[in-house]
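Counting starts at 1 for both ligands and their atoms, following the listed order.
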Amino acid sequence: MNSHRQPVDFSSDTQMQTSFTCNTLSNVMAAEITGLDLARATSSDMVRIQQLFLKHHLLVVRRQTLNDADIERFAAWFGPLEVNQVKNADGGVLAPVHSIANVDAEGKPSQSPLLQSNYNWHSDKSYLPQPSLMTMLHGLEIPPAGGDTQFANMELAWQDLPEDKKQFIAGLRVVQSFEHMLDKLGQRAIIDAALIPPPVEHPLVRTHPETGRKSLFVGMYSSKIIGMKQDEAERLIAELLAHATQEKYTFTQKWQHLDFVFWDNRSLVHRAIPNYEMAAHRRILRRCVVRGGVPQ
Ligand code: OGA
Ligand code: MN
């Protein structure tokens, strides 16, 4: 955690010395912020944003004009920026602030974007020893219809499990594997073989380091459960993910031009929805990710 970051009381929405407006978007997660230029956010704004982030898990700040340096500065307030190993459409490794886009090397919209993995439920970089804390996306080019991003609240999903199931899974450890995803989706091309990170073990039920809330930590990278037969493990992973991603736990971000969205990967999973004409329209989001700690 950054040294300038104060412990926060996430239950109160401190409006002191800030002028922006925050509206809740659903009772599952998400709030919308208007009347704020993030490039000029004051430290009081940032403290309030941090409280709102922990309370709502996902914030949408409308109509932001931000360059890469602005995005980096905002991200760095929350922690170290993630370095990348995955490749761009032009074959280069992604920079700390990079684009996520359905375009080919010439910039034309493409029916089969390089990153297929985003269409499956995941928490960013959950296959690393220190998975992502926060992901930011800035909507630079949005298709005229669709191109949504969907999120599921893994804390609510955990809370609603029957007591016996909670007890059964509480101490389990799950293997999260980048290679498992590559093989499942036929995505070897997105990374050089030598850079594939080795699988890691994480708690299946993790505790949020700042709020103390528990959540399910499963998604498309989950490949095994320690001490469990493979077929049983696969059944349990599929069952938990199906439970957690029921509509009642989800929120769908319907992009507006220049939305700046950021979410907590420690409590949410997400996926892109291919509900737009990919071959006809470009969808370009500028992206930056903050690294988190070791899940406990
Ligand atoms: C991501 C991601 C989904 C989208 O940026 O990590 O999964 O809708 N994006 O592009
Ligand atoms: Mn993602």
Identify the closest protein heavy atom to [atom]: which residue and atom is it, and at what distance?
atom                   : value
atom 9 (N) of ligand 1 : Asn118 ND2, 3.8 Å
atom 1 (C) of ligand 1 : Arg287 NE, 3.3 Å
atom 3 (C) of ligand 1 : Ala272 CB, 3.7 Å

More than 12 heavy atoms of other residues, nucleotides or ligands under 6.0 Å from CD of Glu277: yes or no?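 Check fails, neighbour count at 12 or below.
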Neighbour count >12 (heavy atoms, 6.0 Å) for atom CD, Glu247: no
Per residue Asp124, nearest N, O or S atom to the Mn ion (ligand 2) is named OD1
Touching ligand 1 at all, Gln253? Heavy atoms, strictly under 4.0 Å? no
How about Gln167 and Glu163: does a side-chain donor come under 3.5 Å of a side-chain acceptor?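 Side chains of Gln167 and Glu163: no pair found under 3.5 Å.
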Sidechain N-carboxylate O distance under 4.0 Å for Lys229, Asp231: no
Using a strict 4.0 Å threshold on nitrogen-to-oxygen distance, state whether Arg48 and Asp45 make a salt bridge.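 Salt bridge: no.
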Expected output: side-chain Asp148 to main-chain Ile273 donor-acceptor under 3.5 Å: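 Not a single qualifying donor-acceptor pair exists.
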Suppose I only count heavy atoms of [X] and a 4.0 Å limit; which atoms of ligand 1 are within that range?
X      : answer
Asp124 : 6 (O)
His122 : 7 (O)
Thr149 : 3 (C), 4 (C), 8 (O)

Measure Leu285 to ligand 1 on non-hydrogen atoms and call it side chain, backbone, both or neither using the 4.0 Å cut-off.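 Side chain only; the backbone of Leu285 stays clear of ligand 1.
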The answer for which part of Val289 has a heavy atom under 4.0 Å from ligand 1 is neither
For a side-chain contact (heavy atoms from CB on, under 4.5 Å) with Glu82, tell me which candidate from Leu133, Leu128, Val290, Thr135 qualifies. Leu128
If you measure from atom 4 (C) of ligand 1 to every heavy atom of His270, Arg283, His98, which option wins on shortest distance?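 Ranked by closest heavy atom to atom 4 (C) of ligand 1, first place is Arg283.
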How wide is the angle at the Mn ion (ligand 2) between NE2 of His122 and NE2 of His270, to the nearest 10°?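 The NE2/NE2 angle about the Mn ion (ligand 2) sits at 90°.
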For the residue pair Phe178 and Tyr221, categorise the inter-ring angle as parallel (less than 30°), tilted (30 to 60°) or perpendicular (more than 60°). parallel
Is the shortest N/O to N/O distance between Thr135 and ligand 1 below 3.5 Å?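 Between Thr135 and ligand 1 (N or O atoms, distance only) the closest approach is not under 3.5 Å.
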Report yes if some N/O of Trp255 lies less than 3.5 Å from some N/O of ligand 1; otherwise report no. no
ring-ring contact (aromatic ring centres under 6.0 Å, His included) with Trp263: of His270, His56, His57, only one passes, and it is His270
